[in-house]
Amino acid sequence: MNGKSVLLIVTGGVAAFKAIELVRLLRKSQCSVTCVLTGAAGRFVTPLSLQAVSENKVYTDLFSLSDESEMGHIQLSRSADLLVVAPATANFLAKMANGIADDLASTVVLATDKPVLVAPAMNVRMWLHAATQANVARLQQRGIAVIGPNEGAMACNEVGPGRLAEPHEIFAAIQSALTAPGPLVGKHVLVTSGPTHEPIDPVRYIANRSSGRQGHAIAGALAALGARVTLVSGPVNMPPPAGVDLHKVETAAEMLAACQSALPADAAVFAAAVADWRVANAADLKLKKTPDGAPPALALVPNPDILATISAMGPERPRLVVGFAAETHDLRVHAQDKLRRKGCDWIVANDVSPSTGIMGGLENEVHLVTAAGIEDWPRLSKDEVAARLAHRIAEALI
Ligand code: CTP
């Protein structure tokens, strides 16, 4: 990132101290950094420490005569290649979403003509509050990139999403924002990932062994090429990749609804392992054992086929629809048949026999089935498969 410059806006949260490590990483990669602190941020991290690590003047005051004569706030807002708000408090996100400019930091963000990346950090309840979620959605619609927050234990002793993304994760997001624009800039891609959970009763469900690793890696690879990515994910144990718009769902019906409301999209990749059936008579109350010990009879009904439904759409159909086929035998025949039956453009087929270690593992060996034939790809890491697929999608959309 030699020669690039970042304007880092630090707002007031416990995680503000992590800004020091972020500045250190940026300086190590020859990126110049200028920091702007809100009044509250100055209580968590001192301007002096940020000045020392950034080797640059730190700005805090909108009405500082000396700062204004040296560099006006409008000039400051345009002086860098990228604006980064880390940590971004709920209050600051709300100000950004509503165009409020009542201090130097918020004025600079409103006045800028440069891309903006925000790294939210706050209490889990504040993050999950409908107001914050609506503000973040509004910012994303305006093209502002969001990294994190991560899930985990927080300073307030609660657990859940709200932790600031780690400095190295924010650094990686900055790096990809500052490198040349990818071939998918301006394109919207929908990706499904993970398993679905189909309830039997309020505490039990039917699921499968999908980890979501391949789908999440594809979402990340597409975002790295510049796409706006909507990731609709079933329950998984991993954070979303940087810069994707995550929609969490549990059931196939919820996944279909989330996909439909994410359209229009230029391309869609259906990597989720959707349960083919759900329990028709799911109980509202927990099923109890009966005196005779007889197990409950579960009636299964088919779930909607999300891939087939989106493939059959009219004008709203994404230009490129990619499905997956998990097979244990006669892979090529089944995959070609699936391409026809589902009405999609490509099928990424893989052999998920337990001996391959692919389901839940780190590697994948796939075969790309298109109208032109079948390409056999070598065994690669799931990240490499994702990068290769993302490049193919970019070629197809040009
Ligand atoms: N799929 C979907 N909605 C479903 C079922 C599957 O969108 N209700 C998608 C998956 O995301 C994947 C492809 O369809 O892209 C897999 O199709 P599927 O028929 O489920 O294949 P397999 O899981 O391999 O199952 P089977 O061999 O039983 O057909």
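Both counts, for ligands and for their atoms, begin at 1 and track the order of listing.
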Result block: side-chain N/O donor-acceptor pairs under 3.5 angstrom for residues 237-252, not counting sequence neighbours:
unit_1 : atom_1 : unit_2 : atom_2 : d
Lys248 : NZ     : Glu151 : OE2    : 3.0
Thr251 : OG1    : Glu254 : N      : 3.1

Item checked: Close residues, ligand 1: non-hydrogen atom nearer than 4.0 Å ->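 For ligand 1, the residues that come within the 4.0 Å heavy-atom cutoff are Phe270, Ala272, Val274, Asp276, Pro304, Asp305, Ile306, Leu307, Gly323, Phe324, Ala326, Glu327, Lys338, Lys342.
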
Next item on the list: Indicate the ring-plane relationship of His197 and Tyr205, choosing parallel, tilted or perpendicular according to the 30° and 60° boundaries.
Entry: parallel

Checklist line | Criterion side-chain contact (heavy atoms from CB on, under 4.5 Å) on Met122 and Thr132, from CA distance to verdict | finding: CA-CA 10 Å; Met122 67 199 72; Thr132 305; 3.9 Å; yes

Note to self: Can you tell me how far apart CG (Leu117) and CG (Leu83) are? Round to the nearest 0.5 Å.
What the structure shows: 10.0 Å

Item checked: Residue pair Val232 / Leu190, side-chain heavy-atom distance below 4.5 Å -> yes

Notebook entry, point to check: Are the charged groups of Glu55 and Arg27 less than 4.0 angstrom apart, N to O?
Noted result: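 The answer is yes: the pair qualifies as a salt bridge.
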
